[in-house]
Each structure stands twice: as structure tokens, then as C-alpha cells.
Amino acid sequence: MTRKALITGITGQDGAYLAELLLDRGYEVHGMVRRSSTERFERINHLRDRLTLHQADLLDQLSIVKVLQDVRPEEVYNLAAQSFVPTSWLQPLLTGEFTALGVTRMLEAVRLVDRKIRFYQASSSEMFGAAREEPQNEQTPFYPRSPYGVAKVYGHWITVNYRESYDIFACSGILFNHESPRRGKEFVSRKITDAVARIKLGVQEKLLLGNLDAARDWGFAGDYVRAMWLMLQRDAPSDYVVATGRKHTVRELVEEAFAQVDLDWHDHIEVDPRLIRPAEVNKLRGDAGRARAELGWQPEVTFPELVKMMVEADLRRVQCELNQQELPP
Ligand code: NAP
Ligand code: G4F
């Protein structure tokens with residue numbers, strides 16, 4: 001029988017990759033989208049005739065219950081969130097509503113509609129924040145450093161709590177930073193690769209960045225959605241760190257991206273103090289040993305391959321924009 005999955009946040013980076021993965025595996029895929037005056041479905045336009053979209057919002061409990069009643073999915077992937085860390089200082093309450101309480105609303109809907117639903121929560125390495133040890137694993141204590149990180153800690157623990165209180169198959173995937181050509185342009189990786197393409201093609205001169213010393217464990221989003229799916233295929237629910245185990249600084253990312261187009265980054269990068277965060281997560285590096293042992297998961301795309309993939313995609317896209325051509329799918 002065809003399995004049904006519901007993805008919240010299907011219009012985001014991970015939602016698009018996960019929808020592709022589930023369609024490839026023969027699922028009937030449903031997506032939850034919020035109402036907007038203009039549709040922004042660029043990341044899933046190529047899949048539109050294979051998806052069913054439902055309007056609901058993380059702020060609106062009944063709308064979520066209604067979607068679950070209409071779809072009756074076997075698996076729910078809760079990817080929707082206010083996911084940009086700097087915005088969480090500007091809008092801490094809204095971030096709490098979406099990214100923290102939104103998880104409870106999803107879990108309440110599961111509890112009311114069908115407790116047999118398998119539930120995935122998109123937790124984050126931002127929960128480790130000022131991490132107490134390196135690398136971080138499932139036992140490392142949390143010390144979040146932004147309203148976003150604090151909200152994700154709530155989302156993580158409420159997921160664990162519903163698993164323990166109601167015997168719901170609920171998993172929390174603690175994913176480290178993962179990027180792709182579909183990454184939002186405000187995140188540092190895509191901000192850099194987009195600028196590299198624009199500078200190479202002569203339509204931008206400078207790129208303003210914040211803390212170049214921050215280090216992250218960056219992987220490829222396409223690899224990471226595979227881990228989400230694997231978690232929901234296990235006999236028992238659990239929590240897993242998903243990471244590459246290698247960290248690089250923002251400066252190294254800049255060097256790698258500019259090297260792809262034979263430019264010297266020193267000629268183009270300026271540090272803008274306004275982009276330094278009120279509280280920084282200086283370094284993150286994950287230990288995905290448990291995911292490797294229990295899920296058989298490991299990343300396939302390396303850091304240099306990821307940067308190359310993103311720079312090449314941005315070069316193609318910017319070139320098409322300049323030629324006023326449509327980007328091939
Ligand atoms: P993203 O590209 O920012 O996508 C976020 C999605 O959430 C979008 O589809 C957005 O819809 C939706 N959304 C936001 N508020 C909503 C609301 N009130 N109601 C319904 N939908 C709403 O994020 P991503 O990079 O794919 O990340 C997916 C999830 O993983 C997020 O929860 C993020 O916090 C978490 N995470 C990401 C990473 C990473 O490195 N990418 C690492 C760890 C955890 P619109 O299109 O309408 O805005
Ligand atoms: O790319 P970022 O904005 O990602 P950040 O804050 O690590 O959060 C991302 O990963 C989390 C997983 O750990 C997710 F949960 C979250 O949803 C999101 O996807 O920033 C990475 C680093 C930071 O240390 C930041 O200070 O890059 C530094 N940075 C330096 N200059 C910059 C910039 N970040 C941004 N966005 N823009 C800059 O100009």
C-alpha cells in the first residue's frame with residue numbers, strides 16, 4: 001500500500017530535498033504551506049504536479065489538526081520553523097511561537113488524530129551553543145546562545161516528552177548546518193557563493209560579512225534528509241546527531257569559494273561589525289557515530305564538493321539572470 005507522508009516547511013531547503021526523496025521511494029507526499037499574498041514555491045515548482053499542498057500555519061492549532069485529519073499520514077516531518085538565527089533576536093516572541101510552541105501544536109495534533117503517526121522533529125546543533133565538549137553527541141548538554149537555539153531546545157524536549165508520555169514514535173534529529181544550492185541567501189554559505197558568482201560575473205564588487213572566525217560542521221542537505229527518513233524507519237524512536245565530524249571557519253569557506261573562480265578573497269571581503277551577533281556560537285562539530293551505527297547513515301558530499309556545487313549553481317543562475325533567460329530545472 002502507498003505510504004503517506006506530510007512535510008511541514010515543504011517550501012524550505014530541506015522540505016524540497018525530502019519531498020524528492022519520499023517521492024522517489026514511492027510515497028504519496030503532502031505538504032503544509034502557510035498562506036501568502038504571493039506564492040513562493042520556487043524550490044518545489046518542479047514537483048508541483050506530484051505533491052498535494054494544504055494550507056495551515058504553525059500558529060493555528062485547528063488548521064494543523066484539520067490537515068492531519070484530511071491526510072491521515074503514516075509519517076510527519078516537522079521542518080517548519082523561523083530558522084534564521086539573527087531574526088530570532090529581532091523577533092524572539094514570534095520565533096518562540098513558531099519554533100518552540102509550533103512543535104507542541106504539531107504533537108498535540110498527532111496525539112488527537114492518530115498516535116500511531118511517526119513524527120520527526122527538526123532539532124538543531126544550535127542547541128549545543130557554547131558547547132561543553134567537542135565533538136558534540138546526543139549526550140552533550142545544551143547551552144543555546146540565541147532565542148532560536150532556546151526555542152529549539154524546547155522543541156527537542158517536548159518531542160522527547162510526548163514520546164515518553166504518550167508512547168508516540170517521535171524522533172528528534174539534531175542536525176548540524178547543512179547547505180545546498182537551495183539554501184536561503186541570508187545564510188552565510190549561500191551569501192558567499194551567490195556573491196562569488198556575482199563578483200566573478202562583474203555585477204558585484206564587495207561582500208560584507210560578520211565573524212570570519214566562527215566554525216561550523218557543514219554538510220550537504222541532500223545527505224541530511226536521508227537521515228531524517230532513516231530515523232522514522234527504525235523499530236524504536238530515538239534521537240540522533242547528524243553531522244560530518246569536520247569543522248571549517250567562515251574564513252575557510254570564503255577561501256574555498258573564491259578559489260573556485262580564481263579570485264583573491266582579500267580583494268572583496270569586508271567585515272561589517274553590524275553583522276556580529278549579540279551572542280555567538282563560536283564553533284560546532286558533531287559526532288554522528290550513533291547515526292552511523294544504528295541508521296547506517298553517512299554523508300556522501302565533502303566540504304570542497306559542497307562549496308563547488310553551490311558556486312557552480314550560483315554562476316549558472318546569475319548568468320541566466322543576466323541573459324534574462326529562464327533557469328533550466
Ligand atoms: P528554511 O529553508 O528556512 O524553511 C523553513 C520552512 O518553514 C519554510 O517552508 C517556511 O515557509 C516554513 N514556515 C515558517 N514559519 C511557518 C509557519 N508559521 N507555518 C508554516 N510554515 C512555516 O529551513 P531549512 O533550512 O529547510 O530547515 C528546515 C528545518 O530544520 C527548520 O526547522 C530549521 O530550523 C531546522 N534546521 C536546519 C538546519 C540547516 O542547517 N538547514 C540545521 C538544523 C536544523 P515559507 O516558505 O512560507 O517561509
Ligand atoms: O549560516 P548561518 O547564518 O547559520 P547558523 O547561525 O549556524 O544557523 C544555521 O544552522 C543551524 C544549525 O546549527 C540551524 F539550526 C539554523 O536554522 C541555521 O540553518 O551562520 C553561520 C556562522 C555564524 O557563526 C555567523 O556569525 O556564520 C557567521 N557569519 C559570519 N558572517 C555570518 C555572516 N552568518 C550570516 N548569516 N551572515 C553573515 O554575513
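Bear in mind that the values here come from a model prediction, so they are computed numbers and not experimental data. Atoms within each ligand, like the ligands themselves, are counted from 1 in listed order.
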Can you pull out the closest protein heavy atom to [atom]? Residue, atom name and distance to 0.1 Å, please.
atom: atom 43 (C) of ligand 1; result: Leu175 O, 3.2 Å
atom: atom 42 (C) of ligand 1; result: His178 CE1, 3.3 Å
atom: atom 21 (N) of ligand 1; result: Ala80 CB, 3.5 Å
atom: atom 2 (O) of ligand 1; result: Gln13 N, 3.1 Å
atom: atom 36 (N) of ligand 1; result: Tyr148 OH, 3.9 Å

*Taking both backbone and side-chain atoms of Asp14, is any N or O found less than 3.5 Å from an N or O belonging to ligand 1?*
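Among all N and O atoms of Asp14, at least one is under 3.5 Å from an N or O of ligand 1.
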*Is there a nitrogen or oxygen of Lys152 sitting under 3.5 Å from a nitrogen or oxygen of ligand 1?*
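Yes, at least one N or O pair falls under 3.5 Å.
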*asked:* Counting only heavy atoms closer than 4.0 Å, does ligand 2 sit against the backbone of Val250, its side chain, both, or neither?
replied: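 The answer is the side chain.
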*So, Tyr154 and Thr104: side-chain donor and acceptor under 3.5 Å apart, yes or no?*
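Side-chain D/A pair, Tyr154 to Thr104: present.
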*Answer yes if the side chains of Tyr27 and Arg3 hold a donor-acceptor pair under 3.5 Å, and no otherwise.*
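Present: a donor and an acceptor within the cut-off.
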[X]: numbered ligand 1 atoms lying under 4.0 Å from its heavy atoms:
X: Ala122; result: 29 (C), 30 (O), 32 (O), 35 (C)
X: Ser123; result: 43 (C), 44 (C)
X: Asn177; result: 40 (O)

Just to be sure I'm reading this right: ignoring hydrogens, which of [options] gets closest to [atom]? Compare them by their nearest heavy atoms.
atom: atom 15 (F) of ligand 2; options: Ser124, Ala243, Ser83; value: Ser124
atom: atom 17 (C) of ligand 1; options: Asp57, Thr8, Leu18, Ile44; value: Asp57
atom: atom 34 (N) of ligand 2; options: Lys191, Glu186, Lys152, Arg277; value: Arg277
atom: atom 31 (N) of ligand 2; options: Gly286, Gly210, Ala221; value: Gly210
atom: atom 30 (C) of ligand 2; options: Asn211, Val271, Val254; value: Asn211

*Output yes when Arg118 and Glu74 qualify as a salt bridge under the 4.0 Å nitrogen-oxygen rule, no when they do not.*
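Answer for the salt bridge query: no.
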*How would you list, by chain and number, every residue that makes a ring pair (Phe, Tyr, Trp, His ring centres under 6.0 Å) with Phe119, sequence neighbours excluded?*
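Here no residue qualifies.
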*Report yes or no: does a heavy atom of Arg183 sit under 4.0 Å from some atom of ligand 2?*
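Distance cut 4.0 Å: Arg183 passes for ligand 2.
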_Tell me whether ligand 1 is touched by Leu79 - counting only heavy atoms on the residue side and a distance under 4.0 Å._
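Flag set, Leu79 near ligand 1.
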*Any side-chain heavy atom of Trp297 within less than 4.5 Å of one from Arg292?*
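When only atoms from C-beta onward are counted, Arg292 and Trp297 do not touch, as no gap falls below 4.5 Å.
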*Any N/O of Val188 closer than 3.5 Å to an N/O of ligand 2?*
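There is such a contact, yes.
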*What are the atoms of ligand 2, with element, lying closer than 4.0 Å to any heavy atom of Phe84?*
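Atoms satisfying the 4.0 Å criterion: 3 (O), 36 (N).
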_At less than 4.0 angstrom from any non-hydrogen atom of Val85, what atoms of ligand 2 do you find?_
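Listed by number with element, the hits are 6 (O), 8 (O).
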*Would you mind listing every side chain to side chain donor-acceptor pair (under 3.5 Å) that reaches into residues 81-98, with sequence neighbours excluded?*
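Qualifying pairs, neighbours excluded: Gln82-Thr95, Glu97-Arg105.
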*In terms of ring plane angle, is the pair Phe128 and Phe142 parallel, tilted or perpendicular, where the classes change at 30° and 60°?*
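Because their plane-to-plane angle lies in the 30° to 60° range, the rings of Phe128 and Phe142 count as tilted.
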